[in-house]
Amino acid sequence: MSLTIRVQTADFSLADEYRVLAQDSRCGAVVTFTGLVRELPDAALTAMELEHYPGMTEHVLEQLAQQAQQQWQTGAITIIHRVGKLALNEQIVFVGVAAPHRKAAFAAAMYVMDFLKTQAPFWKQELTASGRYWVAAKASDQEAQQQWQRDA
Amino acid sequence: MSLTIRVQTADFSLADEYRVLAQDSRCGAVVTFTGLVRELPDAALTAMELEHYPGMTEHVLEQLAQQAQQQWQTGAITIIHRVGKLALNEQIVFVGVAAPHRKAAFAAAMYVMDFLKTQAPFWKQELTASGRYWVAAKASDQEAQQQWQRDA
Amino acid sequence: MVKVKFFAALRERLNCAELTLDCGPNETLATLRARLVDLHPSWQTELHDKDVLCAKNFSFCGWQDRVSAGDELAFFPPVTGG
Amino acid sequence: MVKVKFFAALRERLNCAELTLDCGPNETLATLRARLVDLHPSWQTELHDKDVLCAKNFSFCGWQDRVSAGDELAFFPPVTGG
């Protein structure tokens with residue numbers, strides 16, 4: 001079953017990614033998640049800059065996709081994460097899952113996102129009018145990941 | 001916040017629907033669900049035929065979208081459901097949710113799908129080589145809907 | 001008068017998509033169903049199937065809900081969209 | 001020899017993206033960290049920050065994991081992608 005992992009500076013097309021996921025004739029459900037760069041509530045965000053650990057990133061994402069595919073018996077899974085400088089409203093991350101049924105497609109997409117947030121070696125900097133700031137890890141992301149272990 | 005409900009015979013474009021959902025600058029997360037007509041494991045499915053109750057369908061879907069938007073404080077929600085004759089591999093249903101964060105976007109999209117399955121007056125017929133068959137309601141769909149009430 | 005609609009497999013089995021009926025005093029979905037069976041004895045089994053759902057004015061309703069003149073009612077099997 | 005990489009805020013604070021180090025016998029991530037602090041006393045606080053994560057050959061690992069010649073090690077702050 002096809003797994004696609006891409007870490008890239010270029011943008012991606014949801015339509016193109018969906019077309020590939022929808023090709024699997026055993027899969028009646030396709031779930032996609034897209035994350036975008038958005039304004040901060042309190043600061044004038046102008047852009048994000050994303051750094052990653054080449055080699056480890058791809059390895060971690062590949063493992064996550066494999067785990068999700070096995071656990072929920074899904075079809076194709078695609079993970080795309082952009083790095084480098086991203087302007088306001090640009091796309092950052094895409095996770096797409098095709099599965100025979102909706103429950104598996106939703107669960108696998110959420111699992112990949114929850115683990116990506118805490119396990120994939122990406123680091124974000126916010127570029128604002130007043131300077132550049134490394135984003136702090138969120139406790140809510142740790143909790144979302146740990147919830148899967150409690151539920152297991 | 002924009003709610004879009006469409007019941008139509010025409011196909012829809014995921015790319016177009018996503019473009020609208022991604023416009024909300026407060027929403028960093030967009031989740032989409034697409035359901036497709038697929039082969040039956042045991043019968044030669046040639047097409048599906050979908051009937052609905054005009055008036056009630058739109059009313060139920062609008063209420064579901066409103067409930068989901070309020071419960072998870074989401075941005076735009078779009079629900080599209082096709083009716084009439086749909087060939088193998090055609091798109092049947094689309095649910096898209098924009099939200100500030102991924103958890104709300106995923107939850108609202110799952111909520112809409114789970115309630116749509118048991119509350120929206122659509123009925124499917126499978127057209128196969130050996131005849132036309134009304135699809136029976138699934139206990140698993142009832143359970144998925146009731147789970148939300150237990151979790152509330 | 002009330003309008004009564006039937007959908008999907010139920011519509012096919014009754015061979016009826018829509019009819020109109022006078023609305024009696026103190027009418028409920030249950031009394032209306034009983035009157036439909038009086039008019040069409042062969043509908044007895046189908047309309048009393050425990051899975052049959054009913055709606056009033058585009059919302060699900062119960063068999064004890066009141067019916068008023070002008071209401072649009074509907075009877076149908078469990079839904080299977082999505 | 002082992003390769004050691006630093007990322008993100010930690011790389012900036014140490015002002016070091018990558019270095020190589022001899023690999024001693026019975027080396028662990030913890031002994032290697034201690035040797036880095038011997039070489040760069042100003043790194044003490046940063047490398048002992050309880051939030052610092054370590055990886056060996058592209059997978060997360062613990063401070064007691066063994067290190068062998070040829071390994072690629074990395075130290076970095078909690079991740080914030082997605």
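Just so it is clear: chains get the letters A, B, ... in the order the sequence lines come, proteins before strands, and each one is counted from 1.
Comparing A/V97, A/I92, A/V93, A/L36 by heavy-atom pairs within less than 4.5 Å of chain B, the highest count is held by A/L36. Per-residue heavy-atom pair counts under 4.5 Å with chain B were compared for A/C27, A/A98, A/G35, and the maximum is reached by A/C27. Among the candidates B/G28, B/A22, B/A15, the residue making the largest number of heavy-atom pairs closer than 4.5 Å to chain A is B/G28.
Distance check: B/F106 CZ to A/F106 CZ gives 8.0 Å after rounding to the nearest 0.5 Å.
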Are there any donor-acceptor pairs closer than 3.5 angstrom between chain A and chain B, and if so, which ones?
{"residue": "A/Y18", "atom": "OH", "partner": "B/Q91", "partner atom": "OE1", "Å": "2.6"}
{"residue": "A/A22", "atom": "O", "partner": "B/R38", "partner atom": "NH2", "Å": "2.7"}
{"residue": "A/D24", "atom": "O", "partner": "B/R38", "partner atom": "NH2", "Å": "3.1"}
{"residue": "A/C27", "atom": "O", "partner": "B/R38", "partner atom": "NE", "Å": "2.5"}
{"residue": "A/C27", "atom": "O", "partner": "B/R38", "partner atom": "NH2", "Å": "3.0"}
{"residue": "A/G28", "atom": "O", "partner": "B/L36", "partner atom": "N", "Å": "2.9"}
{"residue": "A/V30", "atom": "N", "partner": "B/T34", "partner atom": "O", "Å": "2.9"}
{"residue": "A/V30", "atom": "O", "partner": "B/T34", "partner atom": "N", "Å": "2.9"}
{"residue": "A/T32", "atom": "N", "partner": "B/T32", "partner atom": "O", "Å": "2.9"}
{"residue": "A/T32", "atom": "O", "partner": "B/T32", "partner atom": "N", "Å": "2.9"}
{"residue": "A/T32", "atom": "OG1", "partner": "B/T32", "partner atom": "OG1", "Å": "2.4"}
{"residue": "A/T34", "atom": "N", "partner": "B/V30", "partner atom": "O", "Å": "2.9"}
{"residue": "A/T34", "atom": "O", "partner": "B/V30", "partner atom": "N", "Å": "2.9"}
{"residue": "A/L36", "atom": "N", "partner": "B/G28", "partner atom": "O", "Å": "2.9"}
{"residue": "A/R38", "atom": "NE", "partner": "B/C27", "partner atom": "O", "Å": "2.5"}
{"residue": "A/R38", "atom": "NH2", "partner": "B/A22", "partner atom": "O", "Å": "2.6"}
{"residue": "A/R38", "atom": "NH2", "partner": "B/D24", "partner atom": "O", "Å": "3.1"}
{"residue": "A/R38", "atom": "NH2", "partner": "B/C27", "partner atom": "O", "Å": "3.0"}
{"residue": "A/Q91", "atom": "OE1", "partner": "B/Y18", "partner atom": "OH", "Å": "2.7"}
{"residue": "A/R102", "atom": "NE", "partner": "B/D114", "partner atom": "OD1", "Å": "3.1"}
{"residue": "A/R102", "atom": "NH1", "partner": "B/D141", "partner atom": "OD1", "Å": "3.1"}
{"residue": "A/R102", "atom": "NH2", "partner": "B/D114", "partner atom": "OD1", "Å": "2.8"}
{"residue": "A/R102", "atom": "NH2", "partner": "B/D141", "partner atom": "OD1", "Å": "3.3"}
{"residue": "A/D114", "atom": "OD1", "partner": "B/R102", "partner atom": "NE", "Å": "3.1"}
{"residue": "A/D114", "atom": "OD1", "partner": "B/R102", "partner atom": "NH2", "Å": "2.9"}
{"residue": "A/D141", "atom": "OD1", "partner": "B/R102", "partner atom": "NH1", "Å": "3.1"}
{"residue": "A/D141", "atom": "OD1", "partner": "B/R102", "partner atom": "NH2", "Å": "3.3"}

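For a residue to count as touching a neighbouring chain, one of its non-hydrogen atoms must lie under 4.5 Å from one of that chain's; by this rule B/A109 touches chain A with backbone and side chain alike.
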